[in-house]
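Order of listing sets the numbers, starting from 1, for every ligand and every atom in it.
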Amino acid sequence: MFSYGRQHITAEDIDAVVEVLSSSYLTQGPATERFESALASYCGASYCASVNSATSALHLACLALGVGPGDYVWTSPISFVASANCALYCGASIDFVDINENTYNLCPDRLEEKLSIAKANGKLPKVVIPVHFGGLPCDLKKIRELADSYGFHIIEDAAHGIGASYFNSKIGDCRYSDITVFSFHPVKVITSAEGGAITTTSEKLFKKVLELRSHGITRDPGKLIHDASPWYYEQQNLGFNYRMSDIHAALGESQLKRLDSYVNSRNELANLYNAQFDSSVISTQFVDTGYKSAYHLFSIKLTTIPDKRKYVFQKLKEAGVGVNVHYIPIHLQPYFRKLGFKKGDFPVAEAYYNSCITLPLHPQLSKEDQSRVCRYLKDAINEAAL
Ligand SMILES: *Cc1c(COP(=O)(O)O)cnc(C)c1O
């Protein structure tokens, strides 16, 4: 079975983790700090805070930006549910912006339209969360311009996007956003088993995230209200235990060293896929000049036979190809339908969902295996068209 994605663990990774196990720190300690500073410098961000998942990172990013009851947060319907849940954790309302049919990312034109309507209704979003779907950066300049004219904050959900770049700007440098969020779940581009991080250029947001990831407790002498004894600390806000452990950070730090080579192999494999497809039957994510995708996912659309997607999916599964579908539109999940969303709300996302299949793509996929995947796919499409 060729899975759609899988982790790659080397002897160096294992050594790095074992080293932590025999040190005096297991939870947040020196390995966490090293991982954070390596990530910040890789991305070119001023600050990085690690956490135990991207879900936690999204939650803290929203809280740090002051999201609460009465606020609106907008994201893409073609994403993992965590991109939307973070708003709900804060008591805010969630809404979606339909995707662009070629990039599968939140569409800046639809965002602009929706903003002008929201302005007239007095329901402008506090935060917009563009998701770099499959590792392809969103049109960040355009979204930044809209943020400046409509006054919202930007959290980049870069769970797929570590190692990607946008006009020579690394995803995570936050040149166009307030905060960027990464995931190190095993299926993502690099892993720490479970884990996530935020990067930012704002010291204020960074400090807020640090406080909230550890119970809302501060030991900063300048911030203490009632005492300054050497043992003293204060819980000043309601925080969480969202810390990353040193065991996880050591794995993440070790993996980060191979990030560029992973992203390059993923790009190479993606180019090979594109070269083998008949573009009149299969369309793939459009990568414009200036954009470099991290290619966390390789999702195709069966443009001419969307009604045969299930058949093709099943055939590939039977042939041992670990296909998948990314994603079921978030607004069609039962939980979100209960909030009032329904079929037809985001037609481009729904049409994409109805025709998409994720093919295997990871640095361990050999070119021979990839050619086999292409052959099985072609056969399945031909049979489906009969
Ligand atoms: C995986 C993923 C997340 C959540 O990541 P975790 O680290 O598993 O919490 C959030 N957003 C997107 C787009 C994802 O793919």
TODO: Could you note down all residue pairs passing ring pair (Phe, Tyr, Trp, His ring centres under 6.0 Å) where residues 185-237 supplies at least one of them, sequence neighbours left out?
DONE: Tyr47-Phe206
Between ligand 1 and the protein, which N/O pairs fall short of 3.5 Å?
residue	atom	partner	partner atom	Å
ligand 1	5 (O)	Ser183	OG	3.3
ligand 1	7 (O)	Ala54	N	2.9
ligand 1	7 (O)	Ser183	OG	2.8
ligand 1	9 (O)	Ala54	N	3.3
ligand 1	9 (O)	Thr55	N	2.9
ligand 1	9 (O)	Thr55	OG1	2.5
ligand 1	11 (N)	Asp157	OD1	3.4
ligand 1	11 (N)	Asp157	OD2	2.8
ligand 1	15 (O)	His160	NE2	2.7
ligand 1	15 (O)	Lys188	NZ	3.1
ligand 1	15 (O)	Tyr327	OH	3.2

Open item on the list: Using the side chain to side chain donor-acceptor pair (under 3.5 Å) criterion, which residues pair with Glu36? Sequence neighbours excluded.
Closed with: Ser50, Arg213
Donor-acceptor contacts, no H, no angles, side chain residues 60-75, under 3.5 Å, sequence neighbours left out:
residue	atom	partner	partner atom	Å
Asp71	OD2	Gly68	N	2.8
Thr75	OG1	Ile129	O	2.7

Task: Gln28 side chain to Asp246 side chain, donor-acceptor N/O pair below 3.5 angstrom - done: no
Open item on the list: Is it true that Ser214 and Arg243 share a donor-acceptor pair across their side chains at a distance under 3.5 Å?
Closed with: yes
- [ ] Verify whether one side chain among Ser79 and Ser76 offers a donor that lies under 3.5 Å from an acceptor in the other.
- [x] no
